[in-house]
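These values consider heavy atoms only, across backbone and side chains, with no hydrogens, waters or symmetry-generated copies.
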Amino acid sequence: MSAEPIIYGLIFIGVLVLVEGLYLVSFGKSISLNNRVNRRLEMLNKAGGRREEVLEQLRKEMQQHMGAKSIPLYSILSDKAQKAAIAFTPQQLIMVMGGLSVVAFVGLSVGTDTDVPIRALLSIVIGIGAVYFWVSSKANKRMSMIEEQLPDSVELMVRSLRVGNPFSSAIQIVAKEASDPIASEFGVIADESAFGRDTGEALKAMAERLDMQDLRFLAVAVTIQQQSGGNLAEILAGLAKVIRARFRLFRRVKAITAEAKWSGKFLSAFPIVALVVINVSDPNYYDDVRDHAYFIPACFVVGIMLAINLYVMRVLTNIKV
């Protein structure tokens with residue numbers, strides 16, 4: 001069996017690990033979602049309590065990617081990078097893609113005998129694909145953490161309001177007592193409110209940036225209370241129950257559709273696994289058809305059909321709640 005498919009996979013994994021290493025080296029371990037330290041408070045400590053500088057840096061990280069959608073090829077990445085709050089600028093991410101493509105090309109040149117045009121194409125695919133997979137996984141993880149933290153954060157605000165604190169102080173308490181990523185998000189809202197921005201508008205902007213329906217509910221509830229009055233603590237207490245019930249429903253739907261999702265992944269991976277097993281057991285199995293004019297086009301057709309299968313199964317299991 002040819003070792004080239006294994007080398008392709010190892011190079012992709014190596015490139016994926018390399019981009020994570022570059023990110024942590026560039027911005028420190030505090031940027032990692034696995035870190036339990038509230039990043040905004042750590043930045044405030046290092047900046048000597050200068051909220052303006054920390055607010056400007058966090059806002060730049062949170063908003064910089066949406067303004068780069070006009071960059072070719074970057075538009076497919078900007079939404080995920082926005083939700084992940086990637087500290088790399090769009091230009092830096094593009095440079096990372098280029099650098100990783102060069103690393104992949106060198107690895108393919110050393111480890112395989114593939115033709116130069118194919119190596120160049122595979123290197124570009126590996127460089128862009130590894131960055132996209134890395135950013136997408138970070139975005140999914142961060143959004144899942146925010147969804148899980150939101151009900152507890154709203155209930156924390158309710159308790160703060162019931163003891164007599166104003167809503168701005170309730171947001172600051174969440175920014176100090178909660179853990180990241182929601183702590184830094186609410187910390188930005190607290191700082192913006194302190195510098196004169198309307199709290200309802202800040203919440204709405206965060207909801208639109210993260211594209212989260214529960215945050216939109218929170219922004220609408222706060223805006224309506226500001227305009228017409230009412231007991232905000234009771235409103236938020238009811239909202240917390242709704243958000244928690246929606247979260248439980250999402251988890252139940254995810255559990256129900258897990259079988260169909262993994263079935264789609266299994267069916268798409270099975271032909272590839274079968275190809276590897278056949279080549280291991282009988283390396284000459286495809287010799288009679290390898291030079292046929294339709295062999296390469298047939299491989300592309302199979303690959304496209306596998307991708308379509310994944311997409312269709314994802315659409316079928318993407319249940320809107």
Side-chain angles (χ1 to χ4, degrees), residues 16-17 19-20 23-24 27 29-40 58 61-63 65-66 76-88 93 129-157 171 174-175 177-189 203-219 236 239-265 310-311 313-321:
L16 196 61
V17 173
V19 68
E20 177 71 17
Y23 192 65
L24 294 179
F27 299 102
K29 190 170 179 57
S30 64
I31 199 86
S32 175
L33 290 177
N34 295 325
N35 189 18
R36 296 184 178 274
V37 178
N38 187 321
R39 182 169 176 250
R40 172 178 165 272
L58 289 176
E61 292 177 4
M62 293 174 178
Q63 300 174 0
H65 299 284
M66 296 307 292
I76 62 175
L77 189 65
S78 59
D79 184 60
K80 293 287 187 181
Q82 186 72 29
K83 292 179 180 179
I86 297 297
F88 277 141
L93 266 181
V131 172
Y132 181 83
F133 180 83
W134 174 73
V135 172
S136 180
S137 62
K138 277 191 168 295
N140 293 336
K141 181 180 179 181
R142 187 170 185 270
M143 294 299 295
S144 297
M145 292 178 68
I146 292 177
E147 290 175 352
E148 187 173 352
Q149 292 174 321
L150 185 58
D152 294 333
S153 300
V154 175
E155 290 177 350
L156 181 59
M157 287 190 285
I171 291 180
V174 174
E177 299 297 332
S179 58
D180 272 346
I182 204 166
S184 293
E185 291 284 351
F186 274 87
V188 170
I189 294 176
L203 285 169
K204 183 179 179 181
M206 181 177 70
E208 295 300 326
R209 174 167 47 80
L210 298 178
D211 191 23
M212 187 179 296
Q213 190 65 32
D214 292 335
L215 283 175
R216 292 191 181 98
F217 293 156
L218 177 61
L236 294 184
L239 179 61
K241 294 180 181 179
V242 172
I243 294 174
R244 196 175 295 279
R246 280 169 52 85
F247 182 73
R248 287 198 299 266
L249 182 58
F250 285 143
R251 286 294 179 91
R252 183 175 298 178
V253 170
K254 185 176 181 180
I256 293 173
T257 58
E259 181 181 357
K261 290 180 180 179
W262 280 103
S263 296
K265 293 178 181 178
L310 280 176
Y311 176 77
M313 293 301 295
R314 182 174 181 179
V315 171
L316 291 176
T317 56
N318 186 21
I319 300 175
K320 301 295 183 182
V321 180

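Between Arg244 and Lys241, every side-chain heavy-atom pair lies at or beyond the 4.5 Å cut-off. You'll find the side chain of Lys83 stays beyond 4.5 Å of the side chain of Lys138, heavy atoms only. Put simply, the side chain of Phe186 reaches to within 4.5 Å of the side chain of Leu203, judged on heavy atoms. The shortest distance between side-chain heavy atoms of Ile182 and Met145 does not fall below 4.5 Å. Contact of the Glu147 side chain with the Asp214 side chain is not registered, since no non-hydrogen atoms from C-beta on lie closer than 4.5 Å. Side-chain contact between Leu236 and Leu218 is present, with at least one heavy-atom pair separated by less than 4.5 Å.
Between the side chain of Ser137 and the main chain of Trp134, a donor-acceptor pair closer than 3.5 Å is present. Using a distance-only test at 3.5 Å, with no hydrogens or angles considered, no donor-acceptor pair links the side chain of Glu155 to the main chain of Ala240.
If you take CG on Leu215 and CZ on Arg209, they are separated by 9.5 Å, rounding to the nearest 0.5 Å.
In this structure, the side chain to side chain donor-acceptor pair (under 3.5 Å) partners of Glu208, at least two apart in sequence or on a different chain, are Arg216. For Arg252, the side-chain contact (heavy atoms from CB on, under 4.5 Å) partners at least two apart in sequence or on another chain are Ile256.
Summarising the local packing, CZ of Phe217 is surrounded by more than 12 heavy atoms from other residues, nucleotides or ligands at distances under 6.0 Å.
Under 4.0 Å is where a charged nitrogen must lie from a carboxylate oxygen, and between Glu185 and Arg142 at least one such pair does.
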